[in-house]
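Below is one structure; the comments refer to it alone.
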Amino acid sequence: MAVVRLELPEPADEGDLGGWADAARTVLPADVWGYLQGGAGAERTLRANRAAYDRVALLPRFLVDVSAVSLSTSVFGVEWAVPFGVAPMAYHRLVHPDGEVATAAAGLGGAFVSSMFASRRFADVAAATTGPHWLQLYWLRNRDALADVVARAEDAGFGALVLTVDAPRVADRPRDSRSAFALPDDVRAVNVDPAVMDSAYTATAGTSAIR
């Protein structure tokens, strides 16, 4: 499976976010689409998260001075151009050849949290980021491999660690099991010891290689 560059049509209007998803689904391989969109188990948490997000609304303020408008904020003493960031997601090169570098460059000055399983080198991601860049970590049993990942991020100038503590083991993801999802040879977690990732490239019927 080769890396796909998404060439998406414009949505019907600026609020038509579903249009982007529909267009992406027509371009991406079915197993990659399932990996991106799927959740664990019966996907109840996935649906609950989306429902909670849909309930969030902006509270407009009227009759205020808008001659100088700024979205900037400060987090941990660091200035952000916008009050949001990009959450960690692994293997961006599944959908774009530039991977995390392309995502970081579009971050608008908010924080970019790189997955430890990024498919581009941390140094390249940091160079493309216009705001703070942080590293997400799983607590690997192989402590030497974990320390090596942290050292690579530190050398690249990453400013904080974001620990994932609710995944003592990989959850069952039915969509990935049905598609026998495995990473293509040209999409690698380039900042992690290759020996840690060996099993992620072997497709086995009825199971996911990410386990």
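- Taking the side chain to side chain donor-acceptor pair (under 3.5 Å) definition, one finds that Thr204 meets it with nothing, sequence neighbours left out.
- No chain of hydrophobic side-chain contacts below 4.5 Å, direct or via other Ile, Leu, Val, Met, Phe, Trp or Tyr residues, connects Val69 to Leu108.
- Partners of Phe117 according to the ring-ring contact (aromatic ring centres under 6.0 Å, His included) rule, which considers only residues two or more places apart in sequence or in another chain, are Tyr138.
- Although no hydrogens or angles enter the test, the distance criterion places a donor-acceptor pair under 3.5 Å between the side chain of Thr130 and the main chain of Gly109.
- Nearest approach of Pro194 to Asp198, heavy atoms of both residues: O-OD1, 3.0 Å.
- Each ring-ring contact (aromatic ring centres under 6.0 Å, His included) pair with one or both residues in residues 142-163, not counting sequence neighbours, appears once here: Phe122-Phe158, His133-Phe158.
- Applying the side chain to side chain donor-acceptor pair (under 3.5 Å) test to Asp148 and every residue at least two apart in sequence or in another chain returns Arg152.
- Val113 and Met116 fall into different hydrophobic clusters, defined by Ile, Leu, Val, Met, Phe, Trp and Tyr side-chain heavy atoms under 4.5 Å apart, directly or through other members.
- Residues Tyr201 and Val192 fall within the same hydrophobic cluster, defined by Ile, Leu, Val, Met, Phe, Trp and Tyr side chains chained together at heavy-atom separations under 4.5 Å.
- Ser114 and Glu100 share no donor-acceptor pair across their side chains, judged by distance under 3.5 Å alone.
- The two residues Gly41 and Pro174 make their nearest non-hydrogen contact at O-CG, 3.2 Å.
- Distance check, rounded to the nearest 0.5 Å: OG of Ser179 to OH of Tyr35 gives 11.5 Å.
- Distance check: Asp144 CG to Asp193 CG gives 9.5 Å after rounding to the nearest 0.5 Å.
- Asp124 meets the salt bridge (charged side-chain N to carboxylate O under 4.0 Å, His left out) test with Arg120, Arg121; sequence neighbours excluded.
- Asn142 contributes a side-chain N or O that, together with a main-chain N or O of Ala145, makes up a donor-acceptor pair within less than 3.5 Å.
- Scanning all heavy atoms of the two residues, the minimum distance from Gly206 to Ala180 falls at N-CB, 4.5 Å.
- Atoms OG and NE2, from Ser119 and His96 in turn, are 11.5 Å apart once rounded to the nearest 0.5 Å.
- For Thr103, the side chain to side chain donor-acceptor pair (under 3.5 Å) test picks out His92, with sequence neighbours left out.
- The side chain to side chain donor-acceptor pair (under 3.5 Å) search around Ser74 returns none, not counting sequence neighbours.
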| request: Go through Leu146 and Leu137 one step at a time and tell me if the side-chain contact (heavy atoms from CB on, under 4.5 Å) criterion holds. | output: CA-CA 8 Å; Leu146 186 67; Leu137 285 175; 3.9 Å; yes

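- Of all non-hydrogen atoms in Val78 and Pro132, the two that sit nearest each other are CG1-CG, 3.8 Å.
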**Message:** What verdict does the side-chain contact (heavy atoms from CB on, under 4.5 Å) test give for Leu135 and Val162, after you've listed the backbone C-alpha separation in whole Å, the side-chain angles of each residue and the deciding distance to 0.1 Å?
**Reply:** CA-CA 6 Å; Leu135 173 66; Val162 180; over 6 Å; no

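- Residue pairs meeting the salt bridge (Lys or Arg N to Asp or Glu O under 4.0 Å) criterion with at least one partner in residues 163-173, sequence neighbours excluded, are Arg173-Asp176.
- For residues 53-87, every residue pair satisfying the ring-ring contact (aromatic ring centres under 6.0 Å, His included) rule, not counting sequence neighbours, is listed here: Trp80-Trp134.
- The shortest side-chain heavy-atom distance between Ser115 and Met89 does not fall under the 4.5 Å cut-off.
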Practice prompt. Apply side-chain contact (heavy atoms from CB on, under 4.5 Å) to the pair Leu28 and Leu36, showing each step before the final yes or no.
Written response: CA-CA 10 Å; Leu28 292 172; Leu36 295 175; 3.6 Å; yes

side-chain contact (heavy atoms from CB on, under 4.5 Å) between Val27 and Val95, intermediate numbers included:
CA-CA 9 Å; Val27 175; Val95 298; over 6 Å; no

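- Here the side chains of Leu71 and Pro83 are in contact, with some heavy-atom distance below 4.5 Å.
- Both Val150 and Met197 are members of a single hydrophobic cluster when ILVMFWY side chains are connected at heavy-atom separations under 4.5 Å.
- Qualifying ring-ring contact (aromatic ring centres under 6.0 Å, His included) partners for Trp33, counting only residues two or more places apart in sequence or in other chains: none.
- The salt bridge (Lys or Arg N to Asp or Glu O under 4.0 Å) pairs that include a residue from residues 41-51 are Glu43-Arg175, where partners are two or more places apart or lie in different chains.
- More than 12 heavy atoms of other residues, nucleotides or ligands lie within 6.0 Å of CD in Glu79, so this atom counts as buried by the packing criterion.
- Among all heavy-atom pairs drawn from Gln136 and Thr164, the shortest one is NE2-OG1, 2.9 Å.
- Residues passing the ring-ring contact (aromatic ring centres under 6.0 Å, His included) test with Phe112, sequence neighbours excluded: none.
- Taking all atoms of both residues into account, the shortest heavy-atom contact from Val149 to Asn191 is CG2-O, 3.5 Å.
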